[in-house]
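Here is how names work: the chains are called A, B, and so on, in the same order as the sequence lines, proteins then strands, and each is numbered from 1. Computed from a predicted model, the values in this text were never measured in an experiment.
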There are 2 protein chains.
Amino acid sequence: MSDIRVLVVEDEPIAAAAHAAYIDRLDGFTLAGSAPDGQSALRLLTEFAAAGRPVELVLLDMNLPDLHGLDIARRMRAAGLFADSIALTAVRELNIVRSAVATGVVQYLIKPFTYATFADKLASYRQFRQQLASPGTGVPGAGASQSDVDQAFASLRAPSELPLPKGLAVSTLDSVQDFMKLQTGAVSASEVMGALGMSRVTARRYLEYLADAGTVSRTARYGAPGRPENEYRWNRPPS
Amino acid sequence: MSDIRVLVVEDEPIAAAAHAAYIDRLDGFTLAGSAPDGQSALRLLTEFAAAGRPVELVLLDMNLPDLHGLDIARRMRAAGLFADSIALTAVRELNIVRSAVATGVVQYLIKPFTYATFADKLASYRQFRQQLASPGTGVPGAGASQSDVDQAFASLRAPSELPLPKGLAVSTLDSVQDFMKLQTGAVSASEVMGALGMSRVTARRYLEYLADAGTVSRTARYGAPGRPENEYRWNRPPS
DNA sequence: CCCTTCCATGACCAATATGAACGCAACAGT
DNA sequence: ACTGTTGCGTTCATATTGGTCATGGAAGGG
């Protein structure tokens, strides 16, 4: 099977380049193009389709200068473009998730995400495609059975089981991330300890992991007696 | 949460009546209307939306006298109608499945299907909605985390019906479910072990299955030395 | 009556938050 | 400038649970 042709729609040049580089590193995917706003995205999609080499998957940022990501998805459908989309967004509102699903978004990635998360979601999608390409145990020539379809859907929405470094637990990491997202300013490890009811060592270990992953930034806090305290700040994605 | 308003689109009168009867029998769903072809389906959807009581879910037959189901879905998007759809079809072609997913079909039912299959798919969808309505384990007010979204997508996945995973028995699962429903707060695997007189391994296995299925939520309990203990909480449907 | 299949169990190893102890860097006096 | 104080960073052993594997017993089919 040939590679899945992907279009990156992202207004931040740095993020767009990063996503494009990610795509290149993944087996089974080919970068078809890149668009900084909704209008050019739709134009590119139409051109590729007209050229007989349609884009099959769109990495769709929700916050764009001219159109909302949902609008782009809607116009794609209206124009008869049947590309799947994966939403990349900082918007955490769940009602948007639902609308996105209704317009054919197959995956939903909340920024900032690690490369591992990104690769995992794309791998799920590729597996979904493979399931549809070669139905498994059914009678030959009978088409797809209900269980074939179920299995394909299952691989599409399978929860990610990403390997985390030794000593870290997924649920704890979620707690820390949720707390950090709430904070507008910077917080210290001790404050996380107090707020989440965990020990200082644990809080600091997870904050340190998030800092290494680039999810939070780390600075030193001076002015008080004692060793300078590290403070951590959630990296709010642009716009 | 009020019931989910459902529109049945089906040209066969007998099948349409059967589906409508199914909907009535299910908790959490209300029949909003029924349409025998694509044009009237779109008209009904528009009317309901204009009346401020939009249809939230469409049971969409693919083979209709005037329009194909995919066309209906496409026109719905073009008209700005954000109802989810479940495809009901005898068409077994997998490429149609993919196009259906791209246009926002959340489930795909191949005719003929049993009432159990039908109920299972709708229950999955209801759970998906519920997950989005009340993000579970995070800090209150934190919005959705990636894992919240993942879990919601996972509920949309198929497999609660046929393949109860190897090693699980229905009777034991019922016992655990009954016990969990009675608990107001969170319980640990050890507490379930003591209360039901089963081994810790067994209790944990069933709780874990319920957590994966989204029926119970799982959080970690901090504060004491030792590995953190998982506690499980029954997800009460917000009636 | 025997054989197969399936599930609960107990025992083992692995995993992970905690508390204490130690070290380090900046502030504040002398 | 030097030294003491202070508070956090860092490391390590410990406690306690999670996860897995092979075993035993019960239920069902031949």
Handout entry: Per-nucleotide protein contact string for nucleotides 5-11 of chain D (B base, S sugar-phosphate only, - none; heavy atom under 4.0 Å)
Key = -BBBBBB

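Taking the six-membered ring for Trp and thresholds of 30 and 60 degrees, A:His19 and A:Phe118 have nearly parallel ring planes, at less than 30 degrees apart.
Here the side chain of A:Arg205 pairs a donor or acceptor atom with the backbone of A:Gly167 at under 3.5 angstrom.
Residue B:Asp27 qualifies as open at atom CG: its count of foreign heavy atoms under 6.0 Å is 12 or below. Within a 6.0 Å sphere centred on CD1 of B:Ile14, heavy atoms belonging to other residues, nucleotides or ligands number 12 at most.
The closest side-chain heavy-atom distance from A:Phe128 to B:Val101 is below 4.5 Å. In this structure, B:Arg129 and B:Glu56 have side chains that are in contact, with non-hydrogen atoms separated by less than 4.5 Å.
Residue contacts for B:Ala220: at a heavy-atom cut-off of 4.0 Å it reaches no nucleic acid atom on any strand shown.
Residue B:Tyr222 contributes atom OH, which lies 15 Å from atom C1' of D:dT16 at whole-angstrom precision. Protein atom CZ of B:Arg221 is 16 Å distant from nucleotide atom C1' of C:dT16, rounded to whole Å.
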What are the atom names and distances for every N/O pair under 3.5 Å that joins the protein to nucleotides 5-8 of chain C?
| residue | atom | partner | partner atom | Å |
| --- | --- | --- | --- | --- |
| C:dC6 | OP2 | B:Lys166 | NZ | 3.1 |
| C:dC7 | OP1 | B:Leu168 | O | 3.0 |
| C:dC7 | OP2 | B:Gly167 | N | 3.1 |
| C:dA8 | OP1 | B:Thr172 | OG1 | 2.2 |
| C:dA8 | OP1 | B:Tyr206 | OH | 3.2 |
| C:dA8 | OP2 | B:Gly167 | O | 3.4 |
| C:dA8 | OP2 | B:Tyr206 | OH | 2.6 |

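Residues A:Ala203 and A:Ala224 both approach DNA chain C. Their nearest nucleotides, taken by heavy-atom distance, put A:Ala203 toward the 5′ side.
Residues passing the ring-ring contact (aromatic ring centres under 6.0 Å, His included) test with A:Tyr125, sequence neighbours excluded: none.
Each of B:Leu122, B:Asp3, B:Asp24 was scored for a side chain to side chain contact (heavy atoms under 4.5 Å, CB included) with B:Phe29, with one residue passing: B:Leu122.
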